Every structure is written in structure tokens, then in C-alpha cells.
Amino acid sequence: MRVATYRAGNETSWGVVRDERVSDARAVVGAPRSVRDLLEQTDHSRWLRGLADPGVRAFALGDVQLLAPLEPRQDLIALGLNYKTHVAETTGATKQVAPPKQPILFGKAASSVTGPDAEVCFDPAVTSQVDWEVELAVVIGRRGRNISPGAAQGHIFGYTVANDVSARDLQFLDGGQWYRGKSLDTFCPLGPWVVTVDELVEARGLRLHLQVNGVTKQDASTDDLIFAIPEIIASASTGRTLYPGDVILTGTPGGVGFTRTPPEFLHDGDVVEAEIERIGVLRNRVKESGRP
Ligand code: ZN
């Protein structure tokens, strides 16, 4: 199933996408109020089946504004250097010459999340090096700690597309901690919806692709991940509880802007389309704006 959060008129709702329509959870008595609420209930599938019923009130997708499919429960967990092509192109900046021996985890502020078709805004007084990164995002559906790779699949609710937008001039300021450059407001578009594991069991062999103004910049397969999703979940949950509503970004393939010759960055008016096969297209326009 495809689970979306959206704005219809002045109200926010969520539902299941079918046949270019999205159902309205507000029309189902007792339904969770948000995708986060849904995930915090143990029996999500009962509500999802109910919301997939063609008899439930629904809107045409064209009549609603899709939002990020969920508000992550806490800061996003992200992976650095999880595709060989990206390790190779960034060696100069990161000093990482070989693929990492264990997942490199970093944080990205939950407050950076924005939705499909929303603007990615940057202040040129803060950064002049705004870069793109298409990534497969994993949404956790079941709590767990010290999860083994073999058990990881049972903790996944579904998958969505992320653009891990990065201010490169800020990313390398803090002694290898990337939090600052990854966490600016609007720098984490997510969407257009979550595809649940009943529709997409394992996100293997999916083409991921990113275009800027219609020009392809990144083109890879989720099979190219250095650490596959079960290993990522095992690593991220070592000694730490993962909760329903946590979101993990699994890393980006080669083709980012700052390693190009000459370097390329995003500018006012650019349109970035991040796409993953069987999930969807996440499209955002870039806007340069001064300090508020
Ligand atoms: Zn990234």
C-alpha cells in the first residue's frame, strides 16, 4: 500500500493511495490521527486495510497537497559513504579511500523535513554550496534494540524517497560531524508516500535516479548499497532502541554536485526530481531567500 499525508483545504489528513485517489482517515471512526499515531499502534494493518476500502471517503490526488508522509519520531539516522561510487568521488573531502568496514552513521535534524513539491530554501548568507543526494529511506514500524540482520525485515514499515540536501560548506566545519550541514530547514524532502512492505517486501534491485532541471545527475540501483538494509538496521540498533516512526536514510550513490569538475550546486529556481522505482518521484524547487 501507499500511505500518504496531505493537506486538503485547511486540514491535514492521511490515507491510502489507490487509483489516483487518497482516502481520508478523518472519515473512519477511531482511526489514528496521523501516520505517526498509526505506527505507534501495534495493529497498523487493520487500519490500513480499512483505509484501502473503496467505500471510504477519498480525494483525487490532484485536489490535495501531499506533505512529508510522516513526521519522523526523532532526528533521522543517515548513512555516509554507502555506495562505492560515492566513496570514490568524495575521497578528497573525506579522506576515506576504501569502502567503510562498518556503517558510518550520522544524524540529520527532524526539523529539516519537508514534503513533495515544497520549496528547498537556502539563505546565501548561510550557505552557497547546496547539493543533492537521492536516497532510499526506511521507515521503522516496530520497536527493537540489538536487532539481528535476520530479524530486521520484521521491523520495517515501508520505504520512501529522500533527498538528503547538504550544505557542503557547512558539512565539513565540525571535525567530521556532518550534522550542521545536513540539518538546515527544508533540507530533507521526503515522499511522495510510504510504500509499505506488503507491496514492496525488500527494496532490492530498485533503480534510483536524480535529475536537476531534467538533466540526470545520479543513476544507480539499491543493489549497489555497500551495507544492505538488514545490516544497517542491525548496526543502527546496536545498544539503541529504534522506535516506530524512526526514519533511516541509506546513503547516496555517486553523482553529487560538489565533487564534479567544476563543482555544481543548486540555485534559485532549480527543480530537483529524486525518483526510486516502484516508490515514486519526489520533486522540489529550490528557492534562495534571505534571513527572515
Ligand atoms: Zn546522504
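Note that the structure is a prediction, hence the values are computed from the model and not measured. Only heavy atoms go into these numbers, but all of them, side chains included; no hydrogens, no water, no symmetry mates. Start at 1 and go down the list; that is how both ligands and their atoms are numbered.
- Under 3.5 Å, the side chains of T222 and D224 contain no donor-acceptor pair of N or O atoms.
- A donor-acceptor pair under 3.5 Å is absent between the side-chain atoms of W193 and the main chain of L66, judged by distance alone.
- Between E135 and K182, none of the side-chain N atoms (NZ, or NE/NH1/NH2) sits under 4.0 Å from a carboxylate O, so this pair counts as no salt bridge.
- Atom CD of E275 is separated from atom CG of L208 by 10.0 Å, given to the nearest 0.5 angstrom.
- A cation-pi arrangement, defined by a distance under 6.0 Å to the six-membered ring centre and an angle within 45 degrees of its axis, is absent between R143 and Y243.
- Rounding to the nearest 0.5 Å places OG1 of T250 at 13.0 Å from CZ of F227.
- If you count the protein N, O or S atoms nearer to the Zn ion (ligand 1) than 2.8 Å, you get 3.
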